[in-house]
Undergrad: 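Pasting in a structure now, in structure tokens, and then I'll have a few things to ask.
Order of the sequence lines fixes the chain letters, A, B, ..., with proteins taken first and strands second; residue numbering starts at 1 for each chain. Heavy atoms only: backbone and side chains are in, while hydrogens, waters and symmetry mates are out.
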Amino acid sequence: MRYLPHTDEDIAEMLKAVGKESLDALFSTIPEACRRRTDLELPEALTEWELNDIMGSLAGSMAVSPEYRIFLGAGSYEHFIPASVTYLLERSEFSTAYTPYQPEISQGTLQAVFEYQTLVAALLGMDIANASLYDGASALAEALLMAARVSRRQKVALSSLIHPLYRRVVRTYLEPAGFEILELPYAADGRTDLNHLGNLDDLAAIAVQSPNTFGCIEDLAAIGNLTRGTKTLFIASFTEPLAYGLYKSPGSQGADIACGEGQSFGIPQSYGGPGLGMFACLKPYLRSMPGRLVGQTTDREGKRGFVLTLATREQHIRREKATSNICTNSSLCAVTSAMYMASLGGTGLRELAKLNYDKTEYLKKELNRAGFKTPFAGPTFNEFVVEFPVGFECAYQRLLDQNIVAGLPLGRYYPELPNGYLLCVTETKTREDLDTLVARLSNP
Amino acid sequence: MRYLPHTDEDIAEMLKAVGKESLDALFSTIPEACRRRTDLELPEALTEWELNDIMGSLAGSMAVSPEYRIFLGAGSYEHFIPASVTYLLERSEFSTAYTPYQPEISQGTLQAVFEYQTLVAALLGMDIANASLYDGASALAEALLMAARVSRRQKVALSSLIHPLYRRVVRTYLEPAGFEILELPYAADGRTDLNHLGNLDDLAAIAVQSPNTFGCIEDLAAIGNLTRGTKTLFIASFTEPLAYGLYKSPGSQGADIACGEGQSFGIPQSYGGPGLGMFACLKPYLRSMPGRLVGQTTDREGKRGFVLTLATREQHIRREKATSNICTNSSLCAVTSAMYMASLGGTGLRELAKLNYDKTEYLKKELNRAGFKTPFAGPTFNEFVVEFPVGFECAYQRLLDQNIVAGLPLGRYYPELPNGYLLCVTETKTREDLDTLVARLSNP
Amino acid sequence: LNEPLLLEKGKKGRCGFSLPRRDVESCPVEEELLGEGPNFPDLSEGEIVRHYTRLSTWNFGLDSGMYPLGSCTMKYNPKTNERQASLPGFAGAHPLLPEQLSQGTLKMMFHLERLLAEVTGMDAVSLQPAAGAHGELAGMLIFHAWHKSRNSHRTKILIPDTAHGTNPASAALCGFHPVNVKSNEDGILSAKVIAREMDEETAGIMITNPNTLGLFEENIREIADIVHARGGLVYADGANMNALMGMVSMGELGVDVLHLNLHKTFSTPHGGGGPGAGSICVGKRLEPFLPVPRVLEADGTYSLSYDFPESIGKLHAFYGNVGVMIKAYSYLRSLGPDLKKVSQLAVLNANYIKEKLKNTLYLPYDRPCMHECVFSDKLQAQKKITTLDMAKRLMDYGFHPPTIYFPLVVSGAIMIEPTETESKEEIDLFIEAFKEVAREAEEDPERLRNAPSFSKVRRLDETAAARHPLLTSFDAS
Amino acid sequence: LNEPLLLEKGKKGRCGFSLPRRDVESCPVEEELLGEGPNFPDLSEGEIVRHYTRLSTWNFGLDSGMYPLGSCTMKYNPKTNERQASLPGFAGAHPLLPEQLSQGTLKMMFHLERLLAEVTGMDAVSLQPAAGAHGELAGMLIFHAWHKSRNSHRTKILIPDTAHGTNPASAALCGFHPVNVKSNEDGILSAKVIAREMDEETAGIMITNPNTLGLFEENIREIADIVHARGGLVYADGANMNALMGMVSMGELGVDVLHLNLHKTFSTPHGGGGPGAGSICVGKRLEPFLPVPRVLEADGTYSLSYDFPESIGKLHAFYGNVGVMIKAYSYLRSLGPDLKKVSQLAVLNANYIKEKLKNTLYLPYDRPCMHECVFSDKLQAQKKITTLDMAKRLMDYGFHPPTIYFPLVVSGAIMIEPTETESKEEIDLFIEAFKEVAREAEEDPERLRNAPSFSKVRRLDETAAARHPLLTSFDAS
């Protein structure tokens, strides 16, 4: 096997050195009763070439662009990824390194993550950001746990327009530990209705997502005004960070924590993972923050360098009192997103965000013109809800056969919207794609 | 444009520093009469994403495996390329470097090429090898010119079973300079007929290819015996170096120069180029050898290092008296082939060569059993000639429609073989592929 | 080569990204929502490529040299796995595609689960956890859900001192209080101690096997029987599974829940700290509690099902780190039954190092080890040379240092895990280097204290970093 | 990190290659032909990856830093070009595929020829030559064939002292005797000199324009007229085309044949010395002589034709370096009319360096330069510091040195070509570094003579290498 360097001769010499007769004898400390009684029943080893065939045919069965036109967003976004980012990320000094525990020979990862922290903090308008969490959903769960630690409260309010799958993850994390979750309904304009919030005295946090699951931009300023001066933390979640190239940042609107999914920034969709949990907050919360942090320091000669820092918050030091159990995170995805953000730059980010917005507005208008309803009037970014006619399911299926995925049916998550579909338009869609969609929808 | 870093401000500052008013003014030394009168009429610049679409559709129109089963060899061979080789080769320290004129910061390329020279010399059974030439055809032409320099003779004998396109290249190189070319016919067994050679007194070289264009292994020993002790050089050319994993090397059979195409060793076929001109010879000819050479030396501290050496043979020093005009060669392809040879190792090379041989023999036998004639009895490696029935062209065309390319029609190059086809079988073909081919040929 | 920070580079107006052609009109944006966009630096593509290329050269990766980090299983990451995961059909797939359009990935996931079940000897698998600690959390949530389903409320959990560091934190997240259990003089757990600690308020035990001393927990079956008899469950941290493939069936040992680190045992790259994947494996009776959705198969068609009412729920927005799964699946299919040989050679390499270095470094538990061995700096302490000094000096010899100061049960621990992909020659070089470092500790201790000498930076001040945290360029400027 | 030679590594029985499954029986091989196979070292895949990864880190590439090699046009090599060339449809295509199955590549080649014709202002193009010098050879063969077609036998060729070094060797290959022509005190050719040298035995002239001093040959039209009037042809070495795109039409200048280096002007990587591509462009009257096969188009269908009886024949086994062409085509399509800006900025960068360094280094020709500028070590000579010393010292500052000791017409030449992809900041750093080196030449000359200090090896003994050539591991051991 080409990964195993041992020749028979090597094995013989090494066994001799350790005083064992056979490879099996190495396992002498495993009691007989603990030994596996049967051989591994695994399919025969494949050659590299057979593997290529098999994986090629599995991958070939998936519906992806350019063969398919996919108008799905809802937490995973199709964006163009520069070949330069793909190349850089494949450099094995980045990809095959471990967590940078030995900083002197890990300055590449450390500086790149430090820059990532800087870019994320700038993007979200926050003071500090960590080195990443698993994904947007677990980042939100960690943010709520952090708010509970900071506020010493057990109840959190969650907008019902937070991604439905994120809310399921939050329940998984919070319910066993005895937290209470209040879900906030939404208003007619497709934004969170804060009227039923009641008083904040027992609330650890209010969490909303913007753009929310209907694609609408939440009134973050209003929430910021509500929580300002209280012990309740304002958590702004997101699934599409590109929106902050155009819209005001959570930090500028009074958020205490901003967290969400960074997949949009140069990370392949990969059927939902790996993703990138972005996590940023205000400086006073630093020591309650989950996840790794990279900090700047100097070496013995006074030269700038970077290290993992504040590990005292982490599980390997604080054990059960750690701010979180997170250890392996999404470091390579964080570096990827930094490469992507650097590629865009401030100028490019704004232009790209505006283009997403404009293309989405174009589709919205064309759909309206063709007679389709868009039930929510709130401003959107690159997603919006459209109400298709009753019985649209068959048409949806026919469009699939024409290699078009016409959005996400919302009825599964919002039963009150049985004909609601969430459509997403990114820069990957040309005007022709949009015109084709409208035409096919009109004559499915 | 994302490759051009200059901002308007940069341009203004720099123009000021050089004392010019505008970018156009930089070209003031170009007389008005020499200025281009019209703008470049080039198609509008494409975005990276448009380019992906266009190139994807161009590439998509090409017939390649796994969609097609292609039984073509004849100088370009489909072999499996390990993902590890592809990865390593993409490392930009190798790919984006220039010729290693500054050895202290080019030890990567230099050591890799030194190792390449070692592997090639070992493969071909020769003393020394150069750092590569363009491709197998120009390597043969350079070998013949070198033989002429060494022997001070103007006439060379070429087997007619040297790749027909190589022979055309040789004519291009040799005829304007007044060299005479004698073509040696082939015998009934598909090997070069040496009977018409005559005396060697005016011959600079005898060149044969093995395996030859009919896939047959030439009797190199016989030629070695002929030229031994004479001033006539024996040049062994090849298009498929993998054969030397199984068959005796040219060096062991008395060749003075061995040269040919190294594409088989990990280099993509790429519609014929870039290839790799492998070139090796005996040490006495060192100073007449064309092309770059890497040699071992030491640095000031006595540490081993590598440099380009014997540049006094080359054009930038010797100008018109150089051994060749070659400058840029196929360095990255040489490194690739070294990676590939290292991946196989001696053990793997032999096994892979034997597998090519065995699969080819299998097809040969199955074709014979199905009633097809294989006109030449000489031993072969991974190619052989089959004589299809008169009027086979239509069947050939029908097989194309079934995504099978049933070999190369030889009539174009050897009019006496109007129904001869050269079939190639490498390790990329499974027994099932071979059985399918025979079945389809039998019932086209 | 030096390279400034990104934020110290760039000029407004550059762009390293190919902005798509604008083919629609510009639309106005609601004024009060419109932001200014972050003030990222603008760079050309060439500048970005150079920036990250330079940064990469300051990093030591597995492809740079031996990386014998104990407990981390830094084995060679095959390049073909990367190729497979980047196939457009995999990399470009949207997670909410209709099932009929995503059969390939679902099939891969289904089969990967079956393969992992066979390797571990467990009955059912969920690939959803995104990392080892995420898998531990899933395990603890399953403990919690199982007890709850039996109307039992248990608050404690046993965790040996030789367990992985994440275990207590994962348990605490589910409201369990960790009870520290000491290993015996052989470095393993004794059944007696467990019998004493295990009670009706204890949800179960989290065992790392082989433990972090690299030793097989020989009494695991007895321990499992005790825990089960008192209504508890047994969790095994499978991060060290690289020692045991084909040798042991975790299910037969009495393990109820086990997580695997696909980025350790199954060769997916660590990425400088992730992404990984922490698949979780359970016995039959715990299958109903696995995270949703689960991948089902019927008549050759694959689907995702949320219809498991006892499930602990979701742990990840979608289905976990599918890109990582593809690499692990490629590895498993490439090795097949050779996985047993992987474990044998990993254990051979570790025992070889243990034998060869045990006269150079203090070996607290001189017994046959599994895939890693643990030394300490006791012999060097007289010269006031610490584990840290030796680790830093190893860098100068071209090796990544081993894991240091872990496990906590050994003071000044040096935890070496070579993995099976290191050749005897490389290991011999490593041994020689370590011996040389030990010699230097005797003869030239200052040299060690000043190490490393050849790295991008010299020894860094980690204390200052923590005392005055500078976490962004804005902070630092 | 050190790394032994391949031949010093490995153990018999390893294999880093996945050998395909044997699905046919083994057949006997004729005994007397059967060899033993070469004694290559056997290594595992991981060992090979590590070997070449380590080697790569000892190399300076364009992605490592500024690479201002004069006459080499080391511009940023866009990553998307690599992506396109590695598309399976391109990379996996057999050159003898039936035309109906290879339309995509043929179409690319046809259009690339048209684009290059437009950029140069020439009429017809062949992409076949595999490198610049191969293009020169093609050009000389065309000279030869053209004269022959007119029954004229000419034996000489004019080559200025400011031409590229390959020119005389290329001419000699076709039997031409090069006649060296001196440039004037401004560093360019004067028409008078050409009028004196050009005679009826001279086949023509090979001009490099801009020449190797980085200067535009202002008299080129007049020179071309003279050469043409006496029955000769004008060859232009287009290696320096990066200076002139959109500014000059070579055809209008009177150039009959021109080669382009796709690996210089059109951004394809140099690969440590190749593969490149040296496409050749000609005026209408020389089109019949271009190499075969040529790519033809009819009704949107592309084909290869050998039907050009006056052709010089074939220069390459197939059609040249198609993989390189794909990258150049991608570049051309990505830039479009911005190519003019490429040349403007390349010239701006060079002039900026010339201005900024002309008080530090001796500038033999103080005139506006094109894409490169040539200094010399005259000012440093008093301290016995040579161009070589300064070049080696620049490495310590993180820069690849410029081209040195070329062109020959300037003694101790330092030839700097920044290209357009270097930013002003990077160029300012380079200028600052060079000034620092010049300061050191004054103050600490020994430091320069000992440079480089931070590279893998110190200054290497090139004389010894040539005196006792060790060209393989067998030689050297």
Side-chain angles (χ1 to χ4, degrees), chain B residues 5 10 14 18 23 36 45 55 58-59 61-64 88 91-93 95-97 99 104-105 107-109 115 118 122-123 134 137 168 172 176 248 268 270-274 295-297 299-300 305 309 315-316 319-320 322 325 327-329 331-332 343 345-346 348 350 361-362 427 431, chain D residues 6 15-17 20 23-24 27 35 37-38 40 42 52 55-56 58-63 84 87 89 91-93 95 101 104 130-131 133 165 168-170 172 249 269 271-276 313-314 317-318 321-323 336 344 351-352 423-424 455-458 460 465 470 472-473 476:
Chain B
D10 289 336
M14 293 172 84
V18 303
L23 288 173
R36 188 176 178 117
M55 299 305 275
L58 289 175
S61 76
M62 302 294 293
V64 295
L88 288 168
R91 286 185 62 85
S92 66
E93 289 94 333
S95 60
T96 72
T99 304
E104 295 85 359
I105 51 175
Q107 287 297 302
T109 293
E115 293 170 350
T118 304
L123 176 76
Y134 307 131
R168 292 202 66 165
T172 305
K248 284 181 175 157
S270 289
Y271 206 59
Q296 180 176 317
T297 188
D299 75 358
R300 287 195 178 167
T309 192
Q315 22 63 36
H316 57 287
R319 298 177 69 94
E320 72 269 22
N325 78 329
C327 177
T328 295
N329 51 27
S331 189
L332 193 64
S343 298
R350 182 153 198 94
E361 291 301 302
Y362 176 84
E427 77 282 0
R431 182 179 190 145
Chain D
L6 259 185
C15 188
F17 190 91
D23 53 5
V24 296
C27 273
F40 289 172
D42 288 354
Y52 285 104
L55 259 58
S56 76
W58 306 338
N59 241 33
F60 191 101
L62 257 173
D63 291 357
Q84 311 309 340
L87 287 169
L101 300 182
S170 301
S249 155
K314 278 189 77 60
F318 298 107
N321 289 343
V322 179
Q344 289 175 325
N351 276 283
Y352 182 75
S423 68
K424 179 171 178 298
S455 48
K456 165 75 173 48
V457 289
R458 305 293 300 275
L460 287 158
L470 303 173
T472 67
S473 286

Undergrad: With chain B as the partner, which of D/Ala131, D/Gly89, D/Cys15 has the greatest number of non-hydrogen pairs under 4.5 Å?
TA: D/Gly89
Undergrad: Measure across D/Val322 and B/Ser270 and return the closest heavy-atom pair with its distance rounded to 0.1 Å.
TA: CB-O, 3.4 Å
Undergrad: Picking from B/Asp10, B/Thr118, B/Leu23, B/Leu332, which has the most non-hydrogen pairs under 4.5 angstrom with chain D?
TA: B/Thr118
Undergrad: On a heavy-atom basis, which atom in B/Met62 and which in D/Ala93 lie closest, and how many Å separate them?
TA: CE-CB, 3.6 Å
Undergrad: Apply side-chain contact (heavy atoms from CB on, under 4.5 Å) to D/Pro168 and list each qualifying residue two or more places apart in sequence or on a separate chain.
TA: B/Arg319, B/Glu320, D/Ile159, D/Pro178
Undergrad: For D/Gly276, does its backbone N or O pair with a side-chain atom of B/Thr328 as donor and acceptor, under 3.5 Å?
TA: no
Undergrad: Can you measure from OH (D/Tyr52) to OG (B/Ser343) and round to the nearest 0.5 angstrom?
TA: 8.0 Å
Undergrad: Please determine, among D/Val24, D/Leu470, D/Leu460, the option with the most heavy-atom pairs under 4.5 Å with chain B.
TA: D/Leu460
Undergrad: Among B/Gly348, B/Ala137, B/Gly346, which residue forms the greatest number of heavy-atom pairs with chain D at distances under 4.5 Å?
TA: B/Gly346
Undergrad: Quick one: closest heavy-atom pair of B/Ser331 and D/Gly272, and the distance?
TA: OG-O, 2.9 Å
Undergrad: Based on non-hydrogen pairs under 4.5 Å, which of D/Ala169, D/Ser249, D/Ser455, D/Gly61 is most in contact with chain B?
TA: D/Ala169
Undergrad: Find the one option among D/Ala130, D/Ala465, D/Ala172 whose heavy-atom pairs under 4.5 Å with chain B are most numerous.
TA: D/Ala465
Undergrad: Is it the case that the side chain of B/Asn325 and the backbone of D/Ala133 share a donor-acceptor pair, with hydrogens and angles ignored and the cut-off at 3.5 Å?
TA: yes
Undergrad: At a 4.5 Å cut-off on heavy atoms, which part of B/Arg91 comes close to chain D: side chain, backbone, both, or neither?
TA: side chain
Undergrad: Treating D/Asn321 as the side-chain partner and B/Gly273 as the backbone partner, does any N or O pair qualify as donor plus acceptor under 3.5 Å?
TA: no
Undergrad: Examine distances only and state if a side-chain atom of B/Gln107 and a backbone atom of D/Trp58 form a donor-acceptor pair shorter than 3.5 Å.
TA: no
Undergrad: In terms of heavy-atom pairs under 4.5 Å, which option from B/Glu361, B/Arg300, B/Glu427, B/Gln296 contacts chain D the most?
TA: B/Arg300
Undergrad: B/Tyr271 and D/Phe318: which non-hydrogen atoms are nearest, and at how many Å?
TA: O-CB, 4.4 Å
Undergrad: Under the 3.5 angstrom rule, does the side chain of B/Arg431 hit a backbone N or O of D/Asp23 as a donor-acceptor pair?
TA: yes
Undergrad: If you count heavy-atom pairs within less than 4.5 Å of chain D, which of B/Ile105, B/Thr109, B/Thr309, B/Thr99 leads?
TA: B/Ile105
Undergrad: Using a cut-off of under 4.5 Å for heavy-atom pairs, which of D/Pro95, D/Gly16, D/Gly336, D/Gly323 has the most such pairs with chain B?
TA: D/Pro95
Undergrad: State, to 0.1 Å, how close D/Ala91 and B/Pro268 come at their nearest heavy-atom pair, and which atoms those are.
TA: O-CB, 3.4 Å
Undergrad: I need the residue from D/Pro38, D/Gly37, D/Gly271, D/Gly92 with the largest number of non-hydrogen atom pairs under 4.5 Å to chain B.
TA: D/Gly271
Undergrad: Need one label for B/Glu104: side chain, backbone, both or neither, based on atoms under 4.5 Å from any heavy atom in chain D.
TA: both
Undergrad: Could you check which of B/Pro176, B/Gly295, B/Gly305, B/Ala122 has the highest count of heavy-atom pairs closer than 4.5 Å to chain D?
TA: B/Pro176
Undergrad: So, applying side-chain contact (heavy atoms from CB on, under 4.5 Å) with B/Glu93, which one of D/Asp63, D/Leu62, D/Asn59 is it?
TA: D/Asn59
Undergrad: Roughly how far, to the nearest 0.5 Å, is the CG atom of D/Asn351 from the CE atom of B/Met14?
TA: 9.5 Å
